[in-house]
Q: 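The structure under discussion is supplied below as structure tokens; questions concerning it will follow.
Keep in mind that what you see is a predicted model, and the values were worked out from it rather than measured.
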Protein chains: 2
Amino acid sequence: MTNPGNVSRQLSMSTIVQAITTYGPISRASVSKMTGLSKQTVSEIVGQLEADGWVGTVGQTEGHVGRRAVVYEVVPDAALVASVDLGGTKVRVALCNLTGAVVAETVAPTVMTGGDAVTDQIASMIHRLTTDHNIDRSKVRSIVVGVPGVPQADGTIAYAPNVPGIETLNFPETLSTKTGVEVVVENDVNLAALGEHWMTKRGDSDDIVYLSIGTGIGAGLVIGGNLVRGSTGAAGEVGYLPFGADPFDPESLRVGALERVSATLALIDYYRDRTGKNLDVPGIFEAALTGDTAAQESLERAAKNIALAIGAITAVIDPSCIVIGGSIGARKELRELIRPALASCFPRSIPIENTLLGNHAALAGATSIALSRLHIALFTGGLKGAEINVPPPELGTFQEGAA
Amino acid sequence: MTNPGNVSRQLSMSTIVQAITTYGPISRASVSKMTGLSKQTVSEIVGQLEADGWVGTVGQTEGHVGRRAVVYEVVPDAALVASVDLGGTKVRVALCNLTGAVVAETVAPTVMTGGDAVTDQIASMIHRLTTDHNIDRSKVRSIVVGVPGVPQADGTIAYAPNVPGIETLNFPETLSTKTGVEVVVENDVNLAALGEHWMTKRGDSDDIVYLSIGTGIGAGLVIGGNLVRGSTGAAGEVGYLPFGADPFDPESLRVGALERVSATLALIDYYRDRTGKNLDVPGIFEAALTGDTAAQESLERAAKNIALAIGAITAVIDPSCIVIGGSIGARKELRELIRPALASCFPRSIPIENTLLGNHAALAGATSIALSRLHIALFTGGLKGAEINVPPPELGTFQEGAA
DNA sequence: CTAATAGTTCGGTAACAGAACGAATTATTA
DNA sequence: TAATAATTCGTTCTGTTACCGAACTATTAG
């Protein structure tokens with residue numbers, strides 16, 4: 001296989017693959033100039049990559065003085081990865097090629113009959129996608145699954161009440177045996193954070209926080225370009241920030257002081273307490289627009305507490321930008337309430353941005369991890385310092401609405 | 001010089017230096033087995049290292065079957081680094097050798113006559129140490145300075161009110177020209193965090209937080225073994241956590257809501273408001289011991305708010321352990337008040353530990369950075385993935401009381 | 001035809017692995 | 001006690017891989 005034995009060769013190959021993925025289509029002469037490797041070495045390695053089917057020629061240069069150069073590009077469909085977003089209500093599966101482009105995508109309601117059934121469902125959705133789109137199944141080399149819980153070292157997934165039966169199952173192993181492909185499991189909010197970071201070069205920042213506000217409130221942290229999971233996988237559990245509700249109230253130990261005043265139930269309960277009426281979250285947003293004071297106050301209280309949360313996060317890790325998503329967080333009205341609240345409780349101004357990927361953020365993050373792992377497996381043999389940075393595809397690829 | 005041109009050789013050399021520093025004294029045959037490099041290669045590289053004076057023989061093995069092996073060790077004094085802790089009242093300077101051992105140390109009151117004077121002071125303290133201990137000055141290869149402020153990209157140090165005149169000076173460049181050695185500047189609390197992490201293998205954890213409580217309150221974060229500085233260098237500025245005092249009070253924007261109720265002035269002010277009497281912080285601790293309720297309440301209020309801060313930090317980054325230091329934080333009485341408060345406002349139990357290094361923590365952190373940089377410069381040529389992990393010296397080296 | 005550029009061929013060098021070998025030492029046996 | 005076996009260390013030698021640079025061929029614009 002492609003993977004070379006010699007350390008020196010691994011580094012060279014990694015460098016060349018990086019150059020071609022990032023700057024392709026590109027000629028061997030240009031790669032040589034960019035990387036500092038000799039023309040001879042570049043030709044040799046590109047030849048091998050071509051023979052193995054990873055890169056291919058896509059034409060020649062024209063219009064310049066001198067001999068025409070043959071330009072190479074990564075063969076997009078030389079390998080595929082499956083990105084999965086396993087939610088409490090829906091499962092979303094995408095097959096992506098080496099450039100990160102979505103080749104096929106599908107959604108289905110999550111089956112609720114146990115962990116084994118969920119892995120079955122995912123396996124068959126992947127299988128279905130390959131057959132429906134006439135894709136060679138053996139091209140799928142890696143599966144990354146985002147789950148609403150905390151993956152443990154033993155393969156089980158803790159704190160995942162929304163997907164019954166995955167707390168007692170070795171999830172990656174089970175899915176791996178069913179598909180014959182390596183499986184990696186990661187928290188969905190973490191993946192969303194990674195996805196937003198990967199897809200959108202927000203000022204080239206490597207320190208961003210993705211804040212998801214919906215049924216619950218949670219954050220994904222990207223620091224120095226890497227995901228932060230914490231010592232027990234609980235990094236970003238900002239629902240437990242000790243303010244909002246009284247942190248010393250025992251109920252706050254269970255639910256989380258902040259979560260009690262900022263997530264879905266908090267909005268609904270507050271509105272009912274004030275008016276005696278039951279409205280769902282979209283209903284409250286709508287009522288607030290029509291001048292309903294109770295609805296407005298409900299949103300304002302949430303916004304104020306979310307601003308405090310952002311202040312707390314910023315005081316601790318000082319990110320360059322906060323991206324907000326989730327069913328509540330993605331609402332523009334809420335962001336506009338958060339900004340002034342934040343300015344009056346935190347000294348530094350910090351950009352608050354809307355998610356660009358919407359409910360596809362986790363899928364994008366899964367893809368970025370899957371591609372990184374694939375490149376390591378294929379070209380670097382796990383060599384430290386030879387990691388390949390996969391550039392993101394067109395923004396539209398993962399934007400909401402597709403499928 | 002030692003630094004080899006070829007990438008392959010750099011990796012091999014890095015591996016071998018790592019093995020000798022970590023497991024020395026060690027024979028070439030053992031290095032070969034451990035690293036997987038051939039005996040031939042190991043002999044060649046060790047020979048070069050010995051010729052250049054970085055490693056030396058320290059005897060032979062005995063008592064085993066077979067030919068005796070010559071064992072090698074890093075020559076501890078082949079190079080030195082200078083670690084500096086620049087505080088508002090004292091400057092502490094230590095010269096450390098390649099094993100991290102303190103070779104010479106000195107302390108002096110910080111000069112208050114401007115930034116240039118401070119760099120002069122540090123330069124002359126280093127010079128003095130070398131002459132007093134008969135050390136060849138050219139052996140000092142790297143200087144790392146901890147400062148009570150935020151180092152900027154342009155070399156100035158922001159937010160450093162306690163050391164006048166270093167906010168407008170290119171600090172590292174100035175000190176570097178005066179000493180002829182490369183200089184790195186880092187925030188002192190960050191260094192303390194790194195120092196505690198390096199010197200004390202706390203359950204092999206790579207995610208720890210050092211919380212300093214004294215004149216102000218600040219944290220240093222080590223995540224995945226690396227320092228987290230934040231996008232503006234303000235990571236760990238937990239004084240601005242939005243609770244304790246009212247975060248929406250404009251005064252909190254200036255001082256920081258948490259800092260207003262947990263640091264030195266907060267203790268003193270609270271006690272004076274309650275009793276009309278002025279006591280300093282040690283006085284308040286003493287009074288609390290003798291049963292003075294106002295003093296006890298002052299400490300309890302601080303402890304409660306510090307517990308909230310720890311809860312907030314844990315909710316965000318989930319460290320495996322919090323190390324507390326600083327003039328107030330190092331008090332055992334305070335820690336014993338914090339623990340129960342934390343248990344009643346945060347669901348997960350998290351170890352709260354006393355600093356093991358006391359006021360030498362920043363110095364230890366400076367040494368760890370300096371040694372890392374030195375190893376990179378000497379042996380790896382900055383090659384990614386070839387970093388050398390320098391094991392810490394004996395714990396006593398940096399413990400309080402020395403000098 | 002000339003200058004410029006692309007890509008190949010060839011020769012030389014650095015680095016490494018592995019085998020063979022000599023040296024030094026302990027353990028075992030006659 | 002002396003010879004021998006077994007074991008380990010370290011060097012030498014040989015072959016392979018990977019790299020670079022120079023020379024060379026091929027192609028193109030002007």
Side-chain angles (χ1 to χ4, degrees), chain A residues 2-17 19-20 23-51 55-72 379-381 383 386, chain B residues 2-17 19-20 23-51 55-72 379-381 383 386:
Chain A
T2 307
N3 209 325
N6 187 297
V7 173
S8 190
R9 199 51 177 278
Q10 281 179 334
L11 269 175
S12 298
M13 183 174 282
S14 153
T15 312
I16 289 171
V17 171
I20 297 178
Y23 301 103
I26 187 172
S27 71
R28 282 167 289 178
S30 301
V31 171
S32 168
K33 276 178 213 150
M34 285 187 43
T35 60
L37 296 165
S38 71
K39 290 195 289 180
Q40 195 272 344
T41 302
V42 173
S43 273
E44 196 174 312
I45 291 177
V46 169
Q48 195 191 331
L49 287 169
E50 189 176 18
V55 304
T57 61
V58 287
Q60 297 196 326
T61 55
E62 230 175 296
H64 298 288
V65 182
R67 176 175 169 180
R68 288 183 179 162
V70 179
V71 296
Y72 288 81
F379 305 117
T380 76
L383 185 67
Chain B
T2 307
N3 210 327
N6 186 296
V7 172
S8 188
R9 199 51 177 278
Q10 280 179 334
L11 269 174
S12 299
M13 183 175 282
S14 154
T15 311
I16 289 172
V17 171
I20 298 178
Y23 302 103
I26 187 174
S27 71
R28 281 168 288 179
S30 302
V31 171
S32 169
K33 276 179 213 150
M34 284 186 44
T35 60
L37 296 165
S38 72
K39 290 196 288 181
Q40 194 272 344
T41 303
V42 172
S43 273
E44 199 174 306
I45 291 178
V46 169
Q48 194 190 332
L49 287 170
E50 188 176 19
V55 304
T57 61
V58 288
Q60 297 195 326
T61 56
E62 229 175 300
H64 297 289
V65 182
R67 177 175 166 182
R68 287 182 180 164
V70 179
V71 295
Y72 288 80
F379 306 117
T380 76
L383 184 69

Q: For A:Ile45 versus A:Met13, what's the shortest heavy-atom pair and its separation?
A: CD1-N, 4.0 Å
Q: Check every strand shown and say whether B:Thr61 touches a base, only sugar-phosphate, or nothing at a heavy-atom separation below 4.0 Å.
A: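 No contact.
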Q: Give me the bend of the helix from C:dC1-D:dG30 to C:dA30-D:dT1, using the axes of the five pairs at each end, rounded to 10°.
A: 10°
Q: Ignoring the backbone of B:Arg28, work out which of D:dG10, C:dA6, C:dA15 is nearest its side chain.
A: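 In terms of side-chain proximity for B:Arg28, the closest of D:dG10, C:dA6, C:dA15 is D:dG10.
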Q: How close do A:Ser32 and A:Lys39 get, heavy atom to heavy atom, and via which atoms?
A: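 For A:Ser32 and A:Lys39, the tightest heavy-atom pair comes out as OG-N, 3.4 Å.
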Q: With respect to the phosphate group of D:dC9, does any side-chain polar atom (N or O) of B:Arg68 fall under 4.0 Å of OP1 or OP2?
A: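 Checking B:Arg68 against D:dC9: no side-chain N or O falls below 4.0 Å of OP1 or OP2.
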Q: For A:Ala69 and A:Ser27, which heavy atoms make the closest approach, and how far apart are they?
A: CB-CB, 3.5 Å
Q: Please figure out whether B:Thr41 or A:Ser27 has its closest DNA chain C nucleotide nearer the 5' end.
A: A:Ser27
Q: Looking at the side chain of A:Val65, which of D:dG10, C:dC16, D:dT28 is the nearest nucleotide?
A: D:dT28
Q: So, does B:Thr57 use its side chain to make a donor-acceptor pair with the main chain of B:Tyr72 at under 3.5 Å?
A: no
Q: In terms of side-chain heavy atoms of A:Arg67, which of C:dA6, C:dG18, D:dG10 is nearest?
A: C:dA6
Q: Please report, rounded to the nearest Å, how far the P atom of D:dA18 is from the CD1 atom of A:Ile16.
A: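 Atom-to-atom, A:Ile16 to D:dA18, this comes out as 12 Å.
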Q: To the nearest Å, give me how far apart CD (A:Glu44) and P (C:dA6) are.
A: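 Rounding to the nearest Å, CD of A:Glu44 and P of C:dA6 are 20 Å apart.
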Q: Quick one: closest heavy-atom pair of B:Thr15 and B:Leu11, and the distance?
A: OG1-O, 2.7 Å
Q: For B:Asn6 and C:dT13, give me the distance from atom CG to atom P, rounded to whole Å.
A: 15 Å
Q: Between A:Gln60 and B:Lys33, just flag the one whose closest nucleotide in DNA chain D comes earlier from the 5' side.
A: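 The residue whose closest nucleotide sits nearer the 5' end is B:Lys33.
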Q: Is the backbone N or O of A:Gln10 less than 3.5 Å from a side-chain atom of A:Ser14, with the two atoms forming a donor-acceptor pair by type?
A: no
Q: Give one of base, sugar-phosphate or nothing for B:Gly36, where a contact means two heavy atoms less than 4.0 Å apart.
A: sugar-phosphate
Q: For the pair made of CD in A:Gln40 and P in C:dG12, what is the distance, rounded to whole Å?
A: 15 Å
Q: Rounded to whole angstroms, how far apart are NZ on B:Lys39 and P on C:dA17?
A: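 In whole Å, C:dA17 P and B:Lys39 NZ are 13 Å from each other.
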Q: If you check every side-chain atom of B:Ser38, which of C:dC16, D:dC9, C:dA6 has the closest atom?
A: C:dC16
Q: What integer distance in Å separates B:Met34:CE from D:dC9:P?
A: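 After rounding, the gap between these two atoms is 14 Å.
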Q: Take the protein atom CD1 of A:Ile26 and the nucleotide atom P of C:dT5, then report the distance between them rounded to whole Å.
A: 16 Å
Q: Are a donor atom and an acceptor atom from the side chains of A:Gln40 and A:Glu44 found within less than 3.5 Å of each other?
A: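 Side chains of A:Gln40 and A:Glu44: pair found under 3.5 Å.
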Q: Please report, rounded to the nearest Å, how far the P atom of C:dA27 is from the CD atom of B:Glu62.
A: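 Result: 12 Å.
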Q: Can you name the one residue among A:Val55, A:Ile26, A:Val31 that meets side-chain contact (heavy atoms from CB on, under 4.5 Å) with A:Ile16?
A: A:Val31
Q: Compare the minimum distances between each of C:dC16, C:dA6, D:dC9 and the side chain of B:Ser8, then state the nucleotide with the smallest one.
A: C:dC16
